[in-house]
Amino acid sequence: MKRVFALLLFLLILLSGCSKSSSAASSPSPAVQGTTPPTETVGPAITLCTASTPEGYYNCGNYSGDSSLLSYLDYSTMTENPLCTLPGCTHNSDSCPAFYPVDGETCPFGVLVAGDHLLVIQPRAIEGTVPHIELLDLDGSRQGCLARFSENQILPEVLDTSYYTDGENLYFELFTQKPEDGKRTASLMELSLSDGSVRTLYEISDTIVHMEPTASFDRFLVVYTGEGPYTSQTVLKHFLLDVDTGCRQELEWPVSDLSWPSVNDRYLWFISPDSGLLTRKNLMDGSQVTKNIQDLTDQVGAAYGGPDRIIITPLSFTTDDCILTFGVPHGPDGKYAVSYSLPLGDEDPVPFDLETPEFGLSFLPVTATTPYGLLVRCGYEDETVLDSQGNETVVVYDLWALISQEDYLHANPNWIATAQLSLEPK
């Protein structure tokens with residue numbers, strides 16, 4: 001369901017038009033083609049690219065009203081500070097190495113960890129600069145621009161679900177609109193983290209196009225595409241892509257009016273409305289684990305009405321549990337969704353009422369898995385600060401928390417520790 005909403009939003013953006021370009025893109029190699037079913041491969045596993053390491057989490061937020069600031073959250077101490085070691089720095093001008101002014105060359109949408117480096121992503125062209133990826137060391141030292149793209153190209157803007165890495169390369173969708181004829185192309189790219197070279201793994205061109213990797217395991221990407229001449233005729237496809245050989249295998253995607261499948265790692269999760277079964281299917285060997293959720297669906301309908309949809313959210317830290325979110329007309333406190341933590345074993349579902357402070361989501365997602373517990377963004381704090389011009393402005397700070405996996409799955413808000421960014425000069 002989330003993917004459907006994302007696709008519709010993306011199509012609206014495409015129909016509204018894109019900026020024109022006079023610059024040339026980095027020249028990719030020809031697209032790798034192939035249709036042979038993939039088999040198990042050997043090499044570094046491809047994983048979702050996040051802003052976390054085992055030691056800490058990197059954040060990029062607007063904390064002075066007219067800029068972005070890189071910060072680092074240390075898991076062992078649960079303290080968050082700007083990624084800056086200058087004594088007495090106030091972190092509100094370009095003299096701070098963690099500070100990105102709004103009128104600078106880079107206006108980051110966020111930061112990711114890939115291999116031994118940080119990547120600061122600017123996905124769209126702005127005045128005076130093109131979409132690009134900046135390379136930093138883990139201590140925040142800037143190493144220059146890793147890759148630049150054309151003005152008429154767009155990188156993924158939702159950083160926490162769109163980029164994948166094997167520690168040596170970065171994998172992502174690149175969208176291009178040719179200014180001469182308006183033709184749109186979506187390409188799945190491989191970007192070398194060592195020299196910035198790019199390779200096109202797969203490409204589609206049509207009036208309306210969309211493509212994104214939605215999961216990964218071993219040396220495979222699970223790729224989702226939408227293409228067609230008109231929105232009403234868009235064809236959705238899913239396939240496994242071996243990034244080394246280019247071999248592709250189209251996947252069965254059991255969509256229903258009630259639920260949209262979800263995938264994480266090598267597992268596809270879907271609901272069969274006729275049987276009332278939730279299924280977790282292994283994409284490589286086809287093996288399945290099922291659980292009957294008809295009683296839960298009936299209970300939700302009796303209590304709140306509906307449901308008119310069920311959203312499956314697999315969890316990043318386990319393959320044996322998921323969150324089911326039911327869309328209902330009369331939920332508790334006037335809400336339109338209720339969620340349950342659902343184990344695949346014999347345990348009963350647990351009402352899940354840890355709610356996110358972010359708009360549009362009904363449950364608290366996990367930001368990162370750490371040696372100390374699960375990292376979640378459990379709230380926000382407002383504060384009035386001075387921007388780089390000395391003017392007062394209100395900014396919002398993330399409130400972080402660690403929680404055990406057991407407490408999370410049982411919706412117990414037993415925070416192990418909490419943290420909030422400190423801008424106090426040292």
Side-chain angles (χ1 to χ4, degrees), residues 47-64 67-86 89 91-92 94 96-101 104 106-123 132-147 155-172 191 193 316-317 358 365-381 395-402 417-424 426:
T47 61
L48 181 65
C49 196
T50 71
S52 179
T53 71
E55 293 77 30
Y57 182 82
Y58 294 88
N59 199 14
C60 184
N62 187 321
Y63 302 121
S64 64
S67 67
S68 295
L69 186 70
L70 298 185
S71 59
Y72 178 71
L73 173 64
D74 188 311
Y75 294 144
S76 63
T77 62
M78 280 304 283
T79 57
E80 184 184 9
N81 295 287
L83 196 60
C84 167
T85 58
L86 294 179
C89 185
H91 317 297
N92 61 356
D94 54 13
C96 173
F99 181 88
Y100 284 83
T106 301
C107 290
F109 270 53
V111 62
L112 296 171
V113 176
D116 296 327
H117 292 90
L118 299 178
L119 304 177
V120 174
I121 311 291
Q122 181 181 302
H132 61 275
I133 299 176
E134 186 177 329
L135 188 70
L136 286 71
D137 288 337
L138 292 179
D139 63 2
S141 302
R142 302 187 189 186
Q143 300 301 310
C145 187
L146 176 65
L155 301 171
E157 298 180 348
V158 183
L159 268 61
D160 57 354
T161 60
S162 301
Y163 293 84
Y164 291 78
T165 186
D166 57 9
E168 300 174 358
N169 303 286
L170 190 70
Y171 302 93
F172 56 92
L191 170 66
L193 297 175
S316 59
F317 59 91
E358 296 177 283
V366 174
T367 300
T369 302
T370 86
Y372 307 92
L374 304 176
L375 180 70
V376 295
R377 185 184 282 107
C378 64
Y380 296 97
E381 295 287 343
V395 298
V396 179
Y397 295 91
D398 298 319
L399 180 61
W400 301 101
L402 289 175
T418 58
Q420 181 180 311
L421 177 68
S422 172
L423 293 177
E424 293 296 324
K426 293 184 178 181

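The chain is numbered in sequence order, starting from 1. Computed from a prediction, not measured in an experiment: that's the story for all the values here.
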- prompt: Roughly how far apart are Leu191 CG and Leu146 CG, rounded to 0.5 Å?
  reply: 4.5 Å
- request: Hey, could you give me the CG/CG distance between Leu83 and Leu69, rounded to the nearest 0.5 Å?
  value: 8.5 Å
message: Any donor-acceptor pair under 3.5 Å linking the side-chain atoms of Ser52 with those of Thr50?
response: no
- prompt: Mind checking what makes side chain to side chain donor-acceptor pair (under 3.5 Å) contact with Ser141, not counting sequence neighbours?
  reply: Asp139
Point-to-point distance, once rounded to the nearest 0.5 Å, from CG of Leu119 to OH of Tyr58: 12.0 Å
message: Nearest 0.5 angstrom please: Leu170 CG to Leu112 CG, how far?
response: 7.5 Å
message: Applying side-chain contact (heavy atoms from CB on, under 4.5 Å), can you list everything that pairs with Ser162, at least two apart in sequence or on another chain?
response: Pro156, Val158
statement: Heavy-atom closest pair (Cys378 atom, Ala401 atom, distance to 0.1 Å) is SG-CB, 3.7 Å
query: Of all residues at least two apart in sequence or in a different chain, which pass the salt bridge (Lys or Arg N to Asp or Glu O under 4.0 Å) check with Glu134?
result: Arg142
message: If the condition is side-chain contact (heavy atoms from CB on, under 4.5 Å), which residues does Cys145 pass it with, not counting sequence neighbours?
response: His132, Arg148
- prompt: Does Asp398 use its side chain to pair, donor to acceptor, with the backbone of Trp400 at less than 3.5 Å?
  reply: no
Partners meeting side-chain contact (heavy atoms from CB on, under 4.5 Å) with Cys60 (sequence neighbours left out): Ser68, Leu70, Pro108, Val111
- request: Under the ring-ring contact (aromatic ring centres under 6.0 Å, His included) rule, collect the residues that match up with Phe317, sequence neighbours excluded.
  value: Tyr408
message: Counting C-beta onward and ignoring hydrogens, is there a side-chain heavy-atom pair between Thr369 and Ser316 closer than 4.5 Å?
response: yes
- prompt: How many angstroms lie between atom CG of Asn81 and atom CG of Asp74, to the nearest 0.5 angstrom?
  reply: 9.0 Å
- prompt: For the atom pair CD1 (Ile121) and CZ (Phe109), what is the distance rounded to the nearest 0.5 Å?
  reply: 11.0 Å
Contacts of type side-chain contact (heavy atoms from CB on, under 4.5 Å), residue Leu402, not counting sequence neighbours: Met78, Thr370, Tyr372, Leu375, Ile416
message: Set out, in order, the CA-CA distance, both residues' side-chain angles and the distance that settles side chain to side chain contact (heavy atoms under 4.5 Å, CB included) for Leu155 and Tyr163, then state yes or no.
response: CA-CA 10 Å; Leu155 301 171; Tyr163 293 84; 3.5 Å; yes
statement: Across all chains, not counting sequence neighbours, the side chain to side chain donor-acceptor pair (under 3.5 Å) partners of Thr85 are none
query: What pairs with Tyr171 under ring-ring contact (aromatic ring centres under 6.0 Å, His included), at least two apart in sequence or on another chain?
result: none
field: Test ring-ring contact (aromatic ring centres under 6.0 Å, His included) applied to Tyr397 - qualifying residues, sequence neighbours left out
entry: Tyr63
query: What closest approach, in Å, do Thr367 and Arg377 show between heavy atoms, and which atom pair accounts for it?
result: OG1-N, 3.9 Å
- prompt: What is the minimum heavy-atom distance between Phe99 and Ser67, and which atoms define it?
  reply: CE1-OG, 3.0 Å
message: The criterion is side chain to side chain donor-acceptor pair (under 3.5 Å); which residues satisfy it with Gln143, sequence neighbours excluded?
response: Asp137
Listed partners of Ser71 passing side chain to side chain donor-acceptor pair (under 3.5 Å), at least two apart: Glu80
